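Working notes, beginning with the structure itself.
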Amino acid sequence: MVTKRIKVYGIVQGVGFRPTVSRHAASLGIKGSVANLGPYVEIYAQGEEDTVDEFIRKIKEEPPKRAVILKTDVKLVEKEDYDSFNIIESGKTSGEIFVSPDIAICDECLDELFDKNNKRYLHPFINCTCCGPRLTILDALPYDRERTSMKEFPMCPACEKEYHDPDTRRYDAQPVCCNDCGPEVFILDDPDNRKGRDAITYVRKVLAEGGVAAIKGIGGFHLACNAYDDDAVKRLRSLKNRPFKPFAVMMKNREEVLKNCYIEEYQESILTGHQKPIMLLKRKAGSEIAASVAPENPMVGVMLPYAPVQSLLFDYDDGIDMPSCLVMTSGNLSGLPICRNDDDARKEIASYCDVILTHNRKIRVRADDSVMDFFDGKPYMIRRSRGYAPLPFMMTKPFGGTVIAYGGELKNTFCVAVNNLMYPSSYIGDLTDLKGKNALIESTQRMCTLLEAEPFYAVCDLHPTYNSSAAAEESGLPLIRVQHHYAHILSCMAENDYTGDCIGISLDGTGYGTDGTIWGGEVLKCSLDGFERLGHIRPFLHTGGDVASREGFRIAISMLIDIYGDDAEAKAQSLGLVRKGNFKTYKAMHDNRINTAVSTSCGRLFDAASAILGIRYEQSFEGEAATSLEFKALEFSGQEFAAPGLIEGDVITTDKIISRLVSGMENGEDISKLAYEFHYLLAKGVAQMAMEKSGDIRTVALSGGCYQNKLLTKLTRDELTKNGYNVLIHSMVPPNDGGIALGQALYGINKINSLNK
Ligand code: ZN
Ligand code: FE
């Protein structure tokens, strides 16, 4: 007889870990105990040594479905004799903590939801140990009902019985409830006081008739309308004042997705999996999705229902004929954090919709939908949030200490690093106003509570006026500042668990450079300790200040003046670039440096190229001109182009690429070919710079918002791998500003470790 103590670390709370362990013990006749100790589950197993080892193998190889085991620790111990195997109630210790993300409704619960004989028939909050809200209802760990927003809903005797019975699917499932004891849906501020069934039927009616509804889900509100009805979608666009930016849609089931979109084999398991991100899929030619859902865009963002109330929107027993596809866009003011309570909804989105369906289970932490693109048969994350955050990334390097990184200004996320674990947060949004900043501060405090983390340092961007940096300053912690584009590269290194030296190609919108100018097209030599700017794209003038980021034609004109001098006016006119006012005004601004800034922003270079090719002269949302340019290029089936020498010292001569586009336009060449050539030459240029200056470094990391562009990613990577370089790219962390907090956190934790040496 031996006794072994097994500690299991990872997502082991609220996923039915203890009952599974208890079942394995029963099947093998093991005696002992299992306890949930917050960061880990502690098991004592007593029996013949072979049987105990078999038991340990079973725990590792047959854990509960939603558990994520990150490590186990087994030790032989002396213990008195046990007479049975017992589950011990939650205790609390400190250490490495894992908070589970929210989990989409599981198949068993979905079956019960539509089973007339089930006691949870049509219950909008059905869940079990395999599914349901987690992070978004959590106040503190360990994960127990009284530390969640479900504590306001005492269980009825029937639910209580399931909750305490290890043989049911709801044993120890904290949000468990039913029609008798659970939260309730209702129409907000409704003179007729509709709730429960009446509320759901009413909302379905509004949607079926072409109206717009706001719906409170797991991590916040959505705005919904019939995605097959062009008029309904256009109305939502005009209400939201969002003319072109694509909307995501939610489809009733997998069959509906297959009818409308192409889906690759490797995407199937993600589509129906338990995280349910918005997936960017190629639309089929015969798709019924209204053109206004994603205007002039071959892709569409699609997800399946993940909250039971969303399934009920598609299926209910009220005889209403519902569309099988709804627009599901975040309920927020453009770019700001998603609304998570009724007051927010009243203030911010009530004017966008005809009805608000809410409920009385409080959302503690916002969780926007994650958005996933795909590159080379693998996920290529655009927004990492619900379903993924705050799962940590584990670095192999043994760092010690705790830091908190406040991220960037747009698409903000933050990241807490505890030793070698990096916990990127869910999506906060743009911090252009106080709501965003306050949401960031509140979320950082909550996350530190949940992780029992006490940061020694705060890490933030170099930019002097970012709200994220202001939030970091207000934390009162000593500050570490990190340059924006270096942080992008660090995030790619962190995701790839790479801590050596590398060349970083950071192609991005804008960020504050160490020389006070705007950077964004950078080749950097990077290590964990710092970076050196090896090269950059040809600086140009950002004319018109902030307006220039919406009006690419201004940048194009400014580039033409630099390249062609006195001939610029004729060129600008023939390319149709003078959209507002007259050329002389732009020339005067350029020559006298009025409201201009020096910039190497690759994002703005894309905008200018898009304008020169007549694809987009200006844009209504960030990235519009660049994505249109990419889609245009993808219409061309690639070939090799002659690439002129594109390096002069530390400058990538992107002006040569621009003049190539101009002469192409003058010769009447095919626009999709020119769009492709732009990508090709840019990729060649940055790769040449990286290789020329690489010394003995053979690893190159690609990051920054422009690398959301997969053609650019592919062309850059291919050029480098062809020449024997090892290329690090993103997968589960976005290349855009949503990823930089992770990079900042890595820099911070490394820095405090070197200080302590
Ligand atoms: Zn379930
Ligand atoms: Fe950036």
Side-chain angles (χ1 to χ4, degrees), residues 14-16 64-66 100 102-115 118 120 123-134 159 162-163 168-178 182 218 272-274 276 305-308 311 382-383 405-413 430-431 460-463 466 468-469 482-492 504-513 518-522 524 549 599-604 606 622-623 626 701-709 730 733-744:
V15 289
K65 261 195 256 178
R66 300 292 176 253
S100 171
D102 304 295
I103 311 169
I105 184 169
C106 72
D107 291 343
E108 285 92 341
C109 283
L110 206 52
D111 285 344
E112 290 182 351
L113 184 63
F114 295 111
D115 174 2
N118 192 280
R120 294 186 182 84
H123 180 46
F125 301 91
I126 188 171
N127 66 81
C128 71
T129 49
C130 283
C131 72
R134 296 288 187 272
C159 281
E162 287 176 83
Y163 178 85
T168 72
R169 256 177 45 244
R170 296 199 166 81
Y171 172 73
D172 209 27
Q174 306 309 334
V176 74
C177 59
C178 71
I218 299 287
T272 55
H274 63 274
K276 301 276 190 305
Y306 56 86
S311 299
I382 301 299
R383 179 161 82 201
Y406 281 78
E409 194 72 344
L410 300 176
K411 304 182 175 74
N412 178 274
T413 65
D430 292 352
L431 305 186
C460 68
D461 196 274
L462 206 57
H463 199 291
Y466 271 6
S468 53
S469 305
V482 189
Q483 200 280 326
H484 189 97
H485 304 102
Y486 171 46
H488 272 297
I489 298 304
L490 287 162
S491 77
C492 186
I505 304 180
S506 199
L507 301 184
D508 198 34
T510 55
Y512 193 80
I518 301 170
W519 289 11
E522 311 304 315
L524 312 171
S549 57
S599 164
T600 54
S601 162
C602 188
R604 299 298 85 80
F606 263 88
E622 197 219 340
L702 310 184
S703 190
C706 295
Y707 277 118
Q708 275 173 239
N709 182 319
H730 284 283
V733 172
N736 59 46
D737 284 7
I740 67 168
L742 174 63
Q744 292 174 345

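First listed ligand is number 1; within each ligand, the first listed atom is number 1. Worth saying up front: this structure is predicted, and the values here are computed from it rather than measured.
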How far apart are the C-alpha atoms of C130 and H274, what are their side-chain angles, what is the distance that settles it, and do they pass the side chain to side chain contact (heavy atoms under 4.5 Å, CB included) test? CA-CA 9 Å; C130 283; H274 63 274; over 6 Å; no
Taking R170 for the side chain and P175 for the main chain, is one N or O donor matched with an acceptor at less than 3.5 Å? no
So which of the N, O or S atoms of D737 lies nearest the Fe ion (ligand 2)? OD1
Vertex the Zn ion (ligand 1), rays to SG in C109 and SG in C106 - rounded to 10°: 110°
Under 3.5 Å, is there a donor-acceptor pair between the side chain of T413 and the main chain of G738? yes
Going from OG1 on T168 to CD on E162, what distance comes out if it is rounded to the nearest 0.5 angstrom? 5.5 Å
Find, among atoms of H488 that are N, O or S, the one nearest to the Fe ion (ligand 2), and state its name. NE2
Minimum-distance atom from the Fe ion (ligand 2) among N, O or S atoms of D508: OD2
Below 2.8 Å, can you find an N, O or S atom of C130 next to the Zn ion (ligand 1)? no
Within the 3.5 Å criterion, strictly below it, is a donor on E522 or T600 matched to an acceptor on the partner's side chain? yes
